[in-house]
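The figures here come from the full heavy-atom set of this structure, side chains too, leaving out hydrogens, waters and symmetry mates. Reminder, nothing fancy here: chain letters follow the sequence lines and each chain counts from 1.
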Protein chains: 2
Amino acid sequence: MDGGVKRGAVTSSQVAEHAGVSQSAVSRTFTPGASISPKTRAKVLAAAKALGYRPNAIARSLITNRSRIIAVVMAYLENLFYPDVLEELGRRLAAENYHVLLFTGFKDRDSDPVFDQLMQYRVDGIILASTSLSSDLAEECETAGIPVVLFNRTTGKDVASSVTSRNHEGGRLLGEFLVGGGHRTFGYIAGLANSSTNRDRFAGFREALARHGIDDIQVGTGNYNRQEAEAAARAMLSGPNRPEAIFVANDHMAVAVMDVARYEFGLAIPADLSIVGYDDVGPARWTSYGITSVTQPISAMVEATVDILMDQIASGEIETQHRVVPSELIVRTSARLPKTGIVEVDGQLVYRPEGLK
Amino acid sequence: MDGGVKRGAVTSSQVAEHAGVSQSAVSRTFTPGASISPKTRAKVLAAAKALGYRPNAIARSLITNRSRIIAVVMAYLENLFYPDVLEELGRRLAAENYHVLLFTGFKDRDSDPVFDQLMQYRVDGIILASTSLSSDLAEECETAGIPVVLFNRTTGKDVASSVTSRNHEGGRLLGEFLVGGGHRTFGYIAGLANSSTNRDRFAGFREALARHGIDDIQVGTGNYNRQEAEAAARAMLSGPNRPEAIFVANDHMAVAVMDVARYEFGLAIPADLSIVGYDDVGPARWTSYGITSVTQPISAMVEATVDILMDQIASGEIETQHRVVPSELIVRTSARLPKTGIVEVDGQLVYRPEGLK
DNA sequence: TACAAAATTGCATACGTATGCAAGATATGA
DNA sequence: TCATATCTTGCATACGTATGCAATTTTGTA
């Protein structure tokens, strides 16, 4: 309630006065490529240092119409895959001199107010890593000229760019791998029904099994949630026809399923039951689990995401792109092995059967 | 390169014209508590809706000198404790109508450029959850009037507010617990040497053991890093005097240590070796690990953090506060149990020995 | 040395919003 | 009904920076 007390906020005008130059000169000193002589530049820098000046990004944004802020929407971070992505995004965007405005910790259905908030900050781009985008919101971004990238998901319509890995192929590989390992009965613990990853992975899996004449797959639903996955595992394992192998739609759930199988049902893995997962996330690599899993190459996916954004921001043109990065089946100890197709790459065992691809 | 093409950015003036009122009226419509009649307010809202208007938070910040942005600095997210904190922060700050500008994915020693960046956005507050603050940076925040909270760490000097849990007491509790469990030889796998959490936890632990006449503790260093923790565990377990119990400075490392003990040394836990950790983070609760651990109450810690910030922002006065929230030793299966002191609370086993506290 | 070309500088203005102030409109009370 | 108090409203200005333009200085060339 005091108004004009000095709040330590040094302005370019103050620096200008202190250096005996115009405000323009100060601005040009901090604008790469602007026309400024080394002499005055030095004077300005000295004055800036003396006063502790930092350019005000807010004021700059107002006039340049560029905030250098990217909104990242990630409803939940429980699955370590997403923090890993976030960290890599932070790194890559910082390298481009962009910053991350993070929206997390909300229920998925409450994404509209979130969207409202991020639009108010005139972000230069939006990365959606957990929420789908309703098509009218996408349209609004389109007319507002804000590039949007769906990360690890796609929508049927061509409303926004997307970056995914080859989920269909990954599912197929896992199917081949399990059939090759001699399993005869199969289960699938699904992720969110309306997510593209879940659909694609399952479709590929089913396709592979069908190719070997297997059409019967027991299905449970975990919705990419630990507890629901545990419940689904209990139901599946206590049923009359326990499958010999289970594909769990991601590692986050697979870990939970494995604990249930081992400690609630006393099953040896992979002797009594094979489990495979997806994402190749941290815990999957830990010795206790050692989950055979399809890797989603975070670095490549993030790189593609930032690529698309930088491209669209620079050109001003928003034409949706869809990047699909390759992935690989990493072989560990949670599933019985096929006789052929396993090769060693960079010290890791990888499944690369002949004649697929 | 085109300049004035319509970029879909609707301004308050455009809304004003469309509604037949002044720009001031539009501003007042979107400013809670401003003087505006219901009639014109309705007109404005209608026009705003028709044009798809959203107030420009950037321009607003420029004049109000409030960005409603909180900078969160978290160098790495590998330890699930931090994503959990982040999610809760997102939730709590959103409730206060603040937003999170996240800085992550950088090396700890590169924090100065990070600091530079966040100061440019005139953030209303700073939460440091992974980096320590050099005292001159703290001073700069002080003079700039920006509140800073150190999360899960403190510094010796009183340079910034802090929120921690009772790390010293937690360490002591773990010591008592292990001694009560009949262990006679002890190891400690340390976190970062210069972190307050590491110092406090170890000091409490050592104090408890000393009270029982035990001064000899084998010490290895994991630096809160998985791989270093594994190496430290290997060294400690292959030494001539393998300890009966190991306190690992956080769960993130404890999980790794446990895998090494079980699968590289074939030790049964807790029969051959007891392990206790700290944080009570996700994986600690998974059946495969079941780590006996001191909980750090994320919700309470985040609440305290946001409290401090809101308080200081509202008052404009920055007097450093230090909040210490209570914690509890959660008993699971990774360590042998003492005969007394274990009680059940909300379906969880908790260690509450008599006569400590 | 003289002159053209290039580089540098300051002036003035714009970005989109909030807000003090005075004028106008409406409500209140007798 | 009128005088007074309370709301509303629009005008003008400010926030801190970037940038087109014209004026000025420096550089290059003959």
Side-chain angles (χ1 to χ4, degrees), chain A residues 1-44 47-48 51-68 119-122 124 144, chain B residues 1-44 47-48 51-68 119-122 124 144:
Chain A
M1 268 297 92
D2 42 27
V5 286
K6 271 181 220 147
R7 272 292 222 91
V10 183
T11 74
S12 58
S13 302
Q14 292 174 31
V15 175
E17 190 178 11
H18 190 275
V21 297
S22 73
Q23 180 266 328
S24 315
V26 178
S27 170
R28 286 191 249 262
T29 297
F30 291 94
T31 305
S35 171
I36 186 93
S37 76
K39 207 189 305 176
T40 56
R41 191 185 146 81
K43 278 198 292 185
V44 169
L51 300 182
Y53 170 72
R54 276 178 231 274
N56 184 329
I58 301 280
R60 171 179 291 167
S61 297
L62 187 57
I63 191 157
T64 60
N65 216 14
R66 289 267 132 93
S67 61
R68 301 202 81 85
M119 286 299 279
Q120 297 197 0
Y121 280 93
R122 301 301 192 260
D124 291 344
Chain B
M1 268 291 92
D2 41 29
V5 285
K6 271 181 220 149
R7 271 290 222 94
V10 182
T11 74
S12 59
S13 303
Q14 292 174 30
V15 175
E17 189 179 11
H18 191 274
V21 297
S22 73
Q23 180 267 327
S24 316
V26 178
S27 170
R28 288 191 247 262
T29 297
F30 291 93
T31 305
S35 171
I36 186 90
S37 76
K39 207 190 303 177
T40 57
R41 189 183 147 82
K43 275 198 294 186
V44 169
L51 299 182
Y53 170 73
R54 276 178 233 272
N56 184 329
I58 300 280
R60 171 178 292 165
S61 298
L62 187 57
I63 191 158
T64 59
N65 215 15
R66 290 266 131 93
S67 60
R68 301 203 82 84
M119 287 298 280
Q120 298 197 1
Y121 279 95
R122 301 300 191 261
D124 291 345

Between protein and nucleotides 15-23 of chain D, map the contacts as a letter string: B base, S sugar-phosphate only, - none, heavy atoms under 4.0 Å, written 5' to 3'. BBBBBB---
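- Remark: B/Thr29 pairs with B/Ile36, B/Arg41, B/Val44, B/Leu45 by the side-chain contact (heavy atoms from CB on, under 4.5 Å) rule, at least two apart or across chains.
- Between B/Ser35 and D/dT8 there is a side-chain N or O to OP1 or OP2 distance below 4.0 Å.
- Residue contacts shown for B/Ile58 are absent, as no nucleic acid heavy atom lies under 4.0 Å away.
- Remark: A/Ile58 CD1 to B/Ile63 CD1 distance equals 13.5 Å, nearest 0.5 Å.
- Checked against side-chain contact (heavy atoms from CB on, under 4.5 Å), A/Ala34 has the following partners two or more places apart in sequence or in another chain: A/Arg28, A/Thr31.
- What separates CZ of A/Arg41 from C1' of D/dT26 is a distance of 19 Å, to the nearest Å.
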Side-chain donor-acceptor distances from residues 17-25 of chain A under 3.5 Å, at least two apart:
from    : atom 1 : to      : atom 2 : distance (Å)
A/Ser22 : OG     : A/Ser24 : N      : 3.4
A/Ser22 : OG     : A/Ala25 : N      : 3.3
A/Gln23 : NE2    : A/Ser12 : OG     : 3.4

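- Partners of A/Arg122 under the side chain to side chain donor-acceptor pair (under 3.5 Å) rule, at least two apart in sequence or in another chain, do not exist in this structure.
- Comparing A/Lys39 and B/Val21 along DNA chain D, the residue whose closest nucleotide (by nearest heavy atom) sits nearer the 5' end is B/Val21.
- An OP1 or OP2 oxygen of C/dT8 is reached within less than 4.0 angstrom by no side-chain nitrogen or oxygen of A/Ser37.
- Among the protein residues, B/Thr40 comes within range of the sugar-phosphate backbone only, with heavy atoms under 4.0 Å from sugar or phosphate atoms but none that close to a base.
- Every side chain to side chain donor-acceptor pair (under 3.5 Å) that A/Thr40 has, sequence neighbours left out, goes to A/Ser37.
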